[in-house]
Amino acid sequence: MTAFTDDPLAPPSSQFPLARPGWTAPEEPERPSGPSTRPFGLRFMRTAPTMRAPGFRYSHALQMSVTADRPDIPMIDRAPMMEWSTITNNDGDEGPSEDFGNDYCPDQTIQP
Amino acid sequence: MTVLVLAQDFDRTADHVVRELTVGGVPVLRVDLSWFPQRLSIDAELREGRWTGRLCTPHRQVALEDIRSIWHRSPAAFDLPVGMSTPERVHAHREGKIGLGGVLASLPVLWANHPGRSADAVYKPLQLAVAAGCGLRVPRTLISNSTAAAHRFADQSATGAVIKMLGAGTIHEDHSRKVSFTHRLTGGDLDDLAGFDVTCHQMQDWVPKSREARVVVIGETLFTVGIHAGSAASHVDWRSDHSAVHYERLEPPGEVTAGIGRLMVRLGLVYGALDFVIGPDGSWTFLEINPGGQFGWLQLHTGLPMTATLAGLLAAGATT
């Protein structure tokens, strides 16, 4: 059986996309390679700030994120204007974030 | 009957939809798949051709046969127990994905969207071909790793060529996060195409624009927002300079609406965020569809009731 990661066209893993867990960004030390091997399209990349989630807790009672200090206050009430305009558009390749959740479909977990 | 929401713990769009459902008296179970296997368990048996059983968290549970709809909103990868070896993690992840994912994917309920359909629709060359087949205008497009093809394409372009990523426009390297946006290729770019041959690149004709539009499709409802660029950067790619854009409600032409409807059916999607360029002549050119695209910030700017509409779609549910 071909390993999922060996399938170049339609890995079964992509059929149930799973996103990178909660605002984690890989600490990738590897530097760009040389001009003959670096994909042309990457020339036009810009360095962007790493997104960080604010302090929060998940309330199983409300099934919503709540403030870290007050479990009865949903995050969407604490800072309603923050939403969608600063840090939370994380699953589209549009909007204030350019990440696309479906793009990250690991066949291996990212745990150490 | 319960709406199952698959979303990460911190997801304010999901928070709003969950609140909308809850206020409306619709039972909801929200789980993140990173809870599996330590805080989420599955107990499913195949009986008479359908999976029955339960999803359980320490706080809530739902019978599989009691689910009316599922919103697949970018759940996170499994969080496996510390201490497993790498081969064990690979094995456990694969078995979990096929097992849990497979049971959920088989449920005959309304999905927004079914993960398999979303995964298929991620392929932009597929999107473009299907969109054209559905009667939508699409840009002249090249997918290639041939420098000769790149020169040919650029030479034949009357408006100039752009390059844009086929997949996610983000990479992490050199201890930093880098993003990409649509780039108008210059003569200097085309004089040095080193690295063009190492993978596929997407080039398109630059589409002259008066403004752009984002169409958010939720079931049978279309919400259309015009996006006006206020800077040179946002004129090329409005994602690159959000502070310089402003929004307005729009109604797409009838033939565009009809084409979008056909596209959604062909791709098997009930939710999608589509991007169009509106030309100076009023023509609408399809750029792409994102099956997991955001809508919250557009609701914030326009007041369009997208959250309520999505909640209504999920609450109505359907069997398939």
Side-chain angles (χ1 to χ4, degrees), chain A residues 4 12-23 25-32 35-42 44-50 53 56 58 60 63-65 74-76 83-85 88-89 91-96 98-103 105-111, chain B residues 8-10 12-13 15-16 18-19 28 30 33-34 59-60 74-80 89-90 93-94 97 101 105 115-116 118-119 122 163 165 167-180 183 193-196 198-199 201 239 242 273 275 290-294 296-297 300:
Chain A
F4 293 168
S13 59
S14 71
Q15 298 303 304
F16 205 103
L18 295 173
R20 189 182 306 284
W23 301 94
E27 174 58 30
E28 177 53 69
E30 194 161 11
R31 296 173 56 80
S36 64
T37 52
R38 183 167 178 80
F40 175 81
L42 295 182
F44 313 108
M45 304 291 280
R46 305 178 198 171
T47 300
T50 300
F56 77 97
Y58 182 76
H60 286 277
Q63 299 195 96
M64 302 166 68
S65 58
M75 292 291 285
I76 55 176
E83 62 194 315
W84 303 317
S85 61
T88 60
N89 298 309
D91 74 345
D93 59 353
E94 69 296 308
E98 63 294 318
D99 292 333
F100 188 3
N102 279 354
D103 186 71
C105 312
D107 286 320
Q108 302 179 20
T109 68
I110 64 168
Q111 287 175 239
Chain B
Q8 298 191 39
D9 292 355
F10 185 71
R12 296 163 68 85
T13 302
D15 287 352
H16 277 277
V18 166
R19 170 179 278 176
V28 181
R30 174 176 174 173
L33 295 184
S34 71
H59 306 274
R60 298 169 185 264
S74 197
F78 307 137
D79 183 13
L80 299 169
R89 286 202 307 274
V90 171
H93 184 88
R94 183 171 59 223
K97 191 159 186 168
S118 290
V122 164
I163 188 165
M165 297 289 179
T170 305
I171 65 167
H172 296 85
E173 66 178 358
D174 198 13
H175 302 286
S176 63
R177 172 174 170 267
K178 298 176 181 177
V179 300
S180 76
H183 173 75
L193 289 174
F196 195 90
V198 302
T199 190
H201 290 78
R239 301 171 302 172
H242 283 272
D275 290 330
N290 185 338
Q294 292 285 3
W297 99 101
L300 184 70

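Chain naming here is simple, since letters A, B, ... match the order of the sequence lines and numbering starts at 1 in each. Bear in mind the structure is a predicted one, so any value in this text is a computation, not a measurement.
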Heavy-atom distances under 4.5 Å only: say whether [X] touches chain B with side chain, backbone, both or neither.
X       : answer
A:Gln63 : both
A:Phe40 : both
A:Thr47 : both

Requested in this report: Sort B:His175 into side chain, backbone, both or neither according to what part of it lies under 4.5 angstrom from a heavy atom of chain A.
Outcome: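 Its backbone and side chain both get close to chain A.
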**Report entry** Which atoms of B:Ile163 approach chain A - backbone, side chain, both or neither, heavy atom under 4.5 Å
**Finding:**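 Just the side chain, heavy atoms under 4.5 Å.
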Report task. Please report the C-alpha distance between B:Gln8 and B:Arg30 in whole Å, then the side-chain angles of each, then the deciding distance to 0.1 Å, and finally whether the side-chain contact (heavy atoms from CB on, under 4.5 Å) criterion is met. Result -> CA-CA 9 Å; B:Gln8 298 191 39; B:Arg30 174 176 174 173; 6.0 Å; no
Requested in this report: Search all heavy atoms of A:Pro32 against all heavy atoms of A:Arg38 and return the closest pair with its distance.
Outcome: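 It is CB-NH1, 3.3 Å.
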Query raised in the report: What option among B:Val198, B:Val18, B:Asp9 has the most heavy-atom pairs under 4.5 Å with chain A?
Result: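 Option with the greatest count: B:Asp9.
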Query raised in the report: So, A:Ser65 and B:Asp15: side-chain donor and acceptor under 3.5 Å apart, yes or no?
Result: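 Indeed, the side chains of A:Ser65 and B:Asp15 share at least one donor-acceptor pair under 3.5 Å.
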Query raised in the report: Relative to each other, are the rings of B:Phe78 and B:His93 parallel, tilted or perpendicular (30° and 60° limits)?
Result: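 Tilted.
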Query raised in the report: Would you say the side chain of B:Lys178 lies within less than 4.5 Å of the side chain of B:Glu173, judging by non-hydrogen atoms?
Result: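 Yes, side chains in contact.
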